[in-house]
Structures are given as structure tokens and as C-alpha cells.
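For reference, the structure discussed in these notes is given below.
Both backbone and side-chain heavy atoms feed into the values below; hydrogens, waters and symmetry mates do not. Letters A, B, ... are given to chains in the order of the sequence lines, protein chains preceding strands, and every chain is numbered from 1.
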Amino acid sequence: MKRAVFPNRLLPYLLVLPQIAVTGVFFFWPALESVRLSVFRTSPFGDKSFFVGLENFRKLLTSSEYYSSIVNSFLFAFGVTAIGLGAGLLVAALATQKIRGLAAYRTAVLWPYGIAPPIAGIIFLFIFHPSYGALPYWLSFVTSYEFNWLLKGWVAMALVIVATAWTHVGYNIAFFLAGLLAIPASVLEAASVDGAGAIRRFRSIIFPLLSPITFYLLVVNLIFSFFGSFGVIHAVTQGGPGRATEIMVFKVYNDGLIGLNLGSSAAQSVLLMLVVIALTAIQFRFVEKRVTYS
Amino acid sequence: MKRWACAVAVVAAALVVGPTESLAKTEISFWHAMGGQLGDTVNELVKQFNHSQAEYEVKALNKGTYPEVLTGAIAAYRQKNPPHIVQMFDVGTQTMLLSGAIHPIFQLMKEQEIAINWGDFIKPVTGYYSKDGNLYSMPFNSSSPILYYNKDAFKKAGLPDKPPATWKEVGEFSKKIIAAGGAKCGFTTSWPSWTMLENTFPWHDQPFATNQNGYTGLDTKLLINGEFGVKHIGQLAAWQKEGVYSYGGRMGQPDPKFINGDCAMLIQSSAVIGGFKKSLKFEWATGQLPHWGAPYKKQNTIVGGGTLWVMKGHKGADDKGVAQFMRFIAEPHQQMWWSVTTGYVPVTQTAIKNLEAGYHFKKNPEQWTALSQLSAKPTPNSLGHRLGNFVQIREAIEGELENVFAGKKTAKEGLDAAVAKGNDILKEFAAASAQ
């Protein structure tokens, strides 16, 4: 990489200052505030607050509910990421075919990303509701199994995973599409001439060339699932039935803003922060080595 | 979506107020959790008040669900900009009482020299919201859970046109209706913890928690995993398996099962009467919350719904406007109109007497059902519940009920787990409040 040389020693700092300031105010300050809150026990209105050390953490780490929310988080994050990336790549590949009305299709496949997660949640709620949704009715009709996610935990989990992946798939498609279009046609043609079939071309040429984008999307999808995927669960299952869809970030919200247990909520967000930091570090350390850039 | 709702509410409020109002009026902000038909009724009430005098302008704002109203009010209070009036539900009572952020209503009225006959309010209401014999918040929307039944489904099964009085009858009627093709399921229950435990316990004069359901101390423990609780929830779980009972989720989520005719009966707050009158496409009527009969005594149910709390942190001059609005709300005329329009019970003796004099309850028997459950003199078991962090406790209970109804746990195991979690939450609240 080329090193940029600035004539003035202060200028580079000045140039990054706005970004540092934004990061500081909107990321580091709240994060430090969470760390501070996590060692206090605070009454709902914040009028009484006293230092409890690591008590909030001890309580969390000895509660089975917290462990189940961790398991749910990983299930959810890997589910959303796998479906989101798989479907994204598939649709992007289809959108590179030479078909009539391609521009219209390409625009249309990006639409889900423009829908706010709570709205997506409401849409899925209407489609899947055990009382008035169409899909459980048809599914039960065909399979004679009752898809009642109000009581069946795994159905509820599958539902929120699919719905969340759907809201995010447009983003993945956009990146995959850009990546696919950047692959020179001449390389693929050369491979065809050498007798490589579609699968072989994908495995040996397309996939390696897509790996930087895939890696980027993997990280973004996982972090999004851990941290940001809140709207759908809030709109559809509220963490139920019996905590089956209570992922860590939802529990942070629920215990803090609904339960008004601010200390525990802050402690959970600190732990969640650690999980995401660890996850990102692992990904960059092990996965990135196998990614081919340029 | 919530932001949307807020925006819509703001616009709606602006339209209601109209552009010609002068700016000299003192604004009184009023945050509430009433949506749909109930929200329209609140707006109408506020409009009437604003037109009744020239000094104050009450701005009603729907801030979402009750927990969202509470969270919003707390955030606003901590930023030193709280709304004047906050509508809070029954289970938020303890949190509000101990918050140090409220101006008790009895005190406000005394300061403003507005005479209110506090003795006129019905006992189950004053019992729930009073401390040391004084009302701390203004009773507004009080309801109790009742049974709704689909007359067409009953007719189809050859049942007489009367609601089941006992749980035994609920089971029998349900089976007959399902067999006759009157409905797919017998009954469903909205607000599962509130209807099936919080009300069913006092209705049978059973203690819900120690310390007289939390009234006499903070070191309270839940008592719902005793013989009575296990019997009741165990029966529901058995009925769920047979299809007699159909669990439909939390809050008002199960309502559609009744509205679309899937279930022949629904146990839900009396507050939905107004909405049902407009929307139900079949003949329906109401009955009291079912009872298990002997050896249990029939006591009273408790009130749910909300009251209006006055928040601290305003100019003293605003107090007068707040007090005037509160007096307006408590007047028999408004009481009666609110109750008749919504299905919430009238909360003063005067309002009830006036309605009786006009044969209102004879003509609208469904509006008498909830009141009839509230008429007995409350015992320590049936005065109400005063539990800290009740929202979280309710959630712990409902999560475990779902495990029981899904067949993952027995009634005893589920209720034991709910009690263990609930007691943890109570301990945490006591520790945070008692410093």
C-alpha cells in the first residue's frame, strides 16, 4: 500500500477529527456509560443508585436464562447469516443472467432492504399468525402439523430467522451483484474453453474472486444479527414463547427498558460487546488469511 | 412503527386542537397508552375539557404500550422534562409509588383546594391505588376480566343462552360446541397472567403473594405454585392438549381467535366491550370470570387498566391546570360517558347510581358484568397486588405458562420456576428501592 505524505503534521489529525468525534460521542461515550451502569444497582427512575461491584455480572453468569439467550443468539446469528448469504448469492447469480427486464429485476431484489425491520415483522406477523395468517393454515393443511409459534419454540425461531434474513438479503444481493459483475468475462470464457462446467467455474474462479466480499458480508451479517436485529423479534414474538426467541440484544432491551433493571441490562450489553469484539477478532485472525484480495 | 404512531398522534392532536387556538394557553401534557377506539375516546374527552375552559390546553399523546409510556416518562423525567400527567397501568403502581417522581393526587387536590369526595370511589379501585388511606393517582380506566361468549356457537351446540358459571361448565360447554361444529376451540384467554392468575387468585380468595400480596412489606414472595395454582393451570394445560383451550399468546393477541369465530369463548378485560360492539359480526354476551365453586369462596376480582399519575418537576402554576383536568375526569358526567363508550367500569358510586337510574345496566348487561365482580368487600387476598418490577414478573410467569401449555413442563414445574424467577425479581426490586 502507498503511504500518503502530508506536508503539515497537524492536517491529517484535523481531517480525521470529525470521524473521531462522531465515534467518540455516539459509540465510546455510551459504551463507557454502559460499563459504569453495569456496576451499579439503579432504581427505575434513577433516583437511587449504588455501587454493587460485579454483582450484576455474577447474577447473569449464574442464571440459566442468560445462557439460553446466548445459545439463542448464536443460533439466530448463524441462521440469519447462512440464509442471508446463501439466498443473497443465489439471487445475485440469477440477476447476472441475460434475461429480459433485467434492470427491473435488479431493482426489485433490493427492495426488502428498504423496508424497516418492524414493518417487515408486521408483514410476517400477518402472513404467519397462527390465528389469522394464511401460511400456517396452508402448511398445516398440507403437512397436518400445527405451525403454532405461539407455543412451539423452534417454529418461532425459524420464523424470526427467515424474516430477519429477508429484511437484510437486499444488502447482500447488492454486494454480491457488484462482485459478480466485476469478474472479467474473459476469465470465465477462457475457463469455458478449457472445458470447465458451471460448477467448476463457480468453485475455481467466481468463489475465490468473491471471497473478499463474502468475508465482508459474513462479518457484517453476523454483527448485524447479534447487535442490530431487534425489530423483527420485537414485532413478532417479543422473545417468546417461553424465551425461545430471546436473543441477547433483545434481553438487553427487555430487561432494561421494559423491566427497568438498568444494572443488569448494562452488564448484558457489556458482555454482548465482548462477544462481538471476540467474534470480529477471530474472524479477522483466522478467516481473513484465507481470503484473496485482488 | 412506534415513531409513526407517535407522529400520527401528534398530527391528530394538532388537528383536534385546530390552528385557531391562541398560544396564550398553558399546555398540560398527558401521555397515555390508549390506542384504537380507546384512543379516539381519550382524544374526545380531552377535547371536551379544552373547550370547557380557556386557560389550559391539555395535549394528549399516545406513547405506545403502557411499558413504553413508563419508559418514556422515566427518560423524560431524568432529562428534567417530564409530562404533567402519565397514564400508568395497574402493575406499574409500586414502581410509581416508590419513584419519588410523583405528586400524589390527594395532595395536589388539597393544595389546589379542590374538594373531591374520595369516599365516592369504589373500594376495589381505592384499595389498589391508595397508600395509607390516600389515593396517589387518579382512577381513570379500570376494568376487570370477564368471559365473552359467542351466542351463535352456543346455539349450534344446543346450549342454553347463558354463560358457563364454573370452570367445570367451561369444559363441558366447550366439548359440546366443538363436537357440534360450533367452533374449533372452546375458549382462549387474553393477558394470560392477569386473567388466569392475578385475577383468578383473588376471585377465589387465594393469596397471590406474601405480605398481603405485597401491601405490607417489600420482602414479598409469590405464592402461585400452591395447590390451587397447580390445579387451575394443570387443568388449562390438559384442556390445551385436548383442544378445548387454545393458548393464543400474550396481551390482546388471542382476541382474533374469538373475533373470527375459531374459539367460542374468550376471557379478556371488560375494556374491549366498546370495540367488540363495533366489530363483532355475531351475537355475543358476557358472563363473570369462571369460578371453581366449592370449597373456594367467591370473592372479588381486581381492577386492571390504568390511573393518571401527576409527575413532579413542573412550574407550580401548571398544577392548577392539572388539578382542573383531574377534577373534570372525576365528574360523574365524564365518568359515565367514558364508561359507556369503552367498557371500563365507572369508578364512583355516583356514576354507578346515575347509570342504574337510567336503566343503563338493564339495557347493557355486559357493562354490569365486571362491576358485579367488584362488588364484594375485598379481603387481604383480593385488595390488589403491590409488587415491584411487576412487568418483569408477569413476563416470567407468562414465559413459564407457555412452557406448561406447550407440554414442556408440568403445571407444578412451570409454576415453581415462575415463582423462583419472580422472587429473584422481587428481591432485586427490594434491594434497589430500600436503600
Part of B:A396 lying under 4.5 Å from any heavy atom of chain A:
both
Pull out the residues in residues 19-26 of chain A that come under 4.5 Å of chain B, heavy atom to heavy atom, sorted by number.
none
Need one label for B:K409: side chain, backbone, both or neither, based on atoms under 4.5 Å from any heavy atom in chain A.
neither
Which atoms of B:Y77 approach chain A - backbone, side chain, both or neither, heavy atom under 4.5 Å
side chain
Can you tell me how far CD1 of A:I258 sits from OG1 of B:T65, rounded to the nearest 0.5 angstrom?
5.5 Å
Donor-acceptor under 3.5 Å (B:T71 side chain, A:L257 main chain)
yes
Are A:P44 and B:I74 side-chain neighbours, meaning at least one heavy-atom pair lies under 4.5 Å?
yes
Are there over 12 heavy-atom neighbours, none belonging to B:K184, within less than 6.0 Å of that residue's NZ?
no
Checking heavy atoms, do the side chain of B:R250, its backbone, both or neither come under 4.5 Å from chain A?
side chain
Inspect the surroundings of CZ in A:F28 and state if more than 12 heavy atoms from other residues, nucleotides or ligands are less than 6.0 Å away.
no
Heavy-atom pairs under 4.5 Å with chain A, option from B:G399, B:S99, B:G407 with the top count:
B:S99
Could you tell me whether the side chains of A:N254 and B:E395 share a donor-acceptor contact shorter than 3.5 Å?
yes
What part of B:L98 lies closer than 4.5 angstrom to a heavy atom of chain A: side chain, backbone, both or neither?
backbone
Is the shortest side-chain heavy-atom distance between B:E428 and A:R41 below 4.5 Å?
yes
Would you mind checking which part of B:E398 comes under 4.5 Å of any heavy atom in chain A, side chain (CB onward), backbone (N, CA, C, O), both or neither?
neither
I need the residue from B:R78, B:R394, B:K408, B:Q240 with the largest number of non-hydrogen atom pairs under 4.5 Å to chain A.
B:R78
Rounded to the nearest 0.5 Å, how far does CG of A:L151 lie from OH of B:Y247?
6.5 Å
Which residues in residues 259-270 of chain A have any heavy atom lying under 4.5 Å from a heavy atom of chain B?
A:G259, A:L260, A:N261, A:L262
Mind listing the closest non-hydrogen atom pair of B:A432 and A:S43 along with its distance?
O-CB, 3.9 Å
Counting only heavy atoms not in B:K427 (residues, nucleotides, ligands), do more than 12 fall under 6.0 Å from its NZ?
no
Distance col, row A:F45:CZ vs B:K312:NZ, nearest 0.5 angstrom, shows 11.0 Å
Residues B:K421 and A:E65 bridged, charged N to O under 4.0 Å
yes
Interface check, chain B: of A:S63, A:G121, A:G46, most non-hydrogen pairs under 4.5 Å belong to A:G46
Could you walk me through whether B:E402 and A:R243 pass the side-chain contact (heavy atoms from CB on, under 4.5 Å) check?
CA-CA 9 Å; B:E402 282 164 355; A:R243 299 182 187 275; over 6 Å; no
Atom NZ of B:K131 with >12 non-hydrogen neighbours under 6.0 angstrom
yes
